[in-house]
K.L.:
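So that we are looking at the same thing, I have put the structure below in structure tokens.
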Amino acid sequence: MPGDYVITASYYQNNTLAYSKEITLRIEDEGDYVFDLLLYPVPENGVTGIISTRINDPNGINPPEQTGTDSLNASYLSIALMLFLILGGVYKFSRKDQKNEKK
């Protein structure tokens with residue numbers, strides 16, 4: 001159902017909380033969803049109050065989840081850079097061959 005949901009995931013080792021993450025997920029349309037969640041280590045000094053206030057802070061230790069468009073843009077950028085380097089190399093070698101033919 002559409003709405004805002006709070007997803008909480010925890011991992012325990014030897015009955016001690018080792019990793020945890022809490023995030024709000026907004027569902028706008030009905031359907032099936034797959035959501036990846038990265039758990040962060042829980043500090044040993046027990047400063048959970050500070051961490052819980054930083055969960056929704058973009059500059060905090062738990063940044064908001066990234067969308068797929070960032071990785072897609074990085075992929076296009078790397079492909080464009082590789083294509084530019086290949087074309088530059090081809091141009092350089094073709095100019096070198098033209099100089100040899102003139103001599």
Side-chain angles (χ1 to χ4, degrees):
M1 297 294 296
D4 291 343
Y5 298 90
V6 176
I7 307 294
T8 303
S10 302
Y11 176 75
Y12 290 86
Q13 288 178 329
N14 300 325
N15 292 328
T16 303
L17 181 62
Y19 301 95
S20 179
K21 176 72 176 187
E22 182 176 291
I23 190 163
T24 302
L25 180 65
R26 174 170 284 159
I27 303 295
E28 296 179 358
D29 294 323
E30 291 186 17
D32 294 331
Y33 291 87
V34 175
F35 184 73
D36 294 328
L37 188 63
L38 180 64
L39 300 180
Y40 292 102
V42 175
E44 293 179 17
N45 59 3
V47 188
T48 56
I50 294 173
I51 291 176
S52 64
T53 59
R54 291 186 179 179
I55 287 175
N56 295 320
D57 181 11
N59 298 321
I61 59 172
N62 293 335
E65 301 299 321
Q66 298 293 322
T67 61
T69 57
D70 292 339
S71 62
L72 188 61
N73 289 339
S75 176
Y76 284 136
L77 181 61
S78 62
I79 291 171
L81 180 61
M82 288 175 48
L83 184 61
F84 177 74
L85 291 174
I86 290 170
L87 291 175
V90 168
Y91 176 75
K92 183 176 180 175
F93 285 118
S94 68
R95 296 282 294 168
K96 187 176 182 180
D97 288 342
Q98 287 177 359
K99 288 180 182 178
N100 288 337
E101 287 177 6
K102 288 182 181 180
K103 289 182 181 180

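What you are looking at is a predicted structure, and each value in this text was computed from that prediction instead of being measured.
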K.L.:
Supply the atom-to-atom distance Ser78 OG to Leu83 CG, rounded to the nearest 0.5 angstrom.
P.N.:
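One gets 11.5 Å once the value is rounded to the nearest 0.5 Å.
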
K.L.:
With side chains defined as the heavy atoms from C-beta onward, is the minimum distance between Tyr11 and Leu17 less than 4.5 Å?
P.N.:
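A side-chain contact is absent here, since even the closest heavy-atom pair is not under 4.5 Å.
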
K.L.:
Would you name the heavy atoms of Pro2 and Tyr5 that are closest together and state the gap between them?
P.N.:
O-OH, 4.1 Å

K.L.:
How long is the straight-line distance from CD1 of Ile27 back to CE of Met1, given to the nearest 0.5 Å?
P.N.:
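Interatomic distance, Met1 CE to Ile27 CD1, rounded to 0.5 Å: 11.5 Å.
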
K.L.:
Looking at every heavy atom in both Glu28 and Tyr33, which two are closest together, and how far apart are they?
P.N.:
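It is N-OH, 4.5 Å.
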
K.L.:
What are the two closest non-hydrogen atoms of Glu22 and Thr8, and how far apart are they?
P.N.:
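So the two residues come closest at OE1-OG1, 3.3 Å.
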
K.L.:
Of all the heavy-atom pairs spanning Tyr91 and Ser94, show the shortest one and how long it is.
P.N.:
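Minimum heavy-atom contact is O-OG, 2.8 Å.
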
K.L.:
Measure the CZ-CG distance between Phe84 and Leu87 for me, rounded to the nearest 0.5 Å.
P.N.:
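Going from the CZ atom of Phe84 to the CG atom of Leu87 covers 8.5 Å.
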
K.L.:
Quick one: pull up NZ in Lys21 and CG in Leu37 and give me the separation to the nearest 0.5 Å.
P.N.:
7.0 Å

K.L.:
Does the side chain of Phe35 come within less than 4.5 Å of Leu25's, by heavy atoms?
P.N.:
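Yes, side chains in contact.
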
K.L.:
Is Val34 reachable from Ile23 through a run of I, L, V, M, F, W or Y residues, each pair having side-chain heavy atoms under 4.5 Å apart?
P.N.:
no

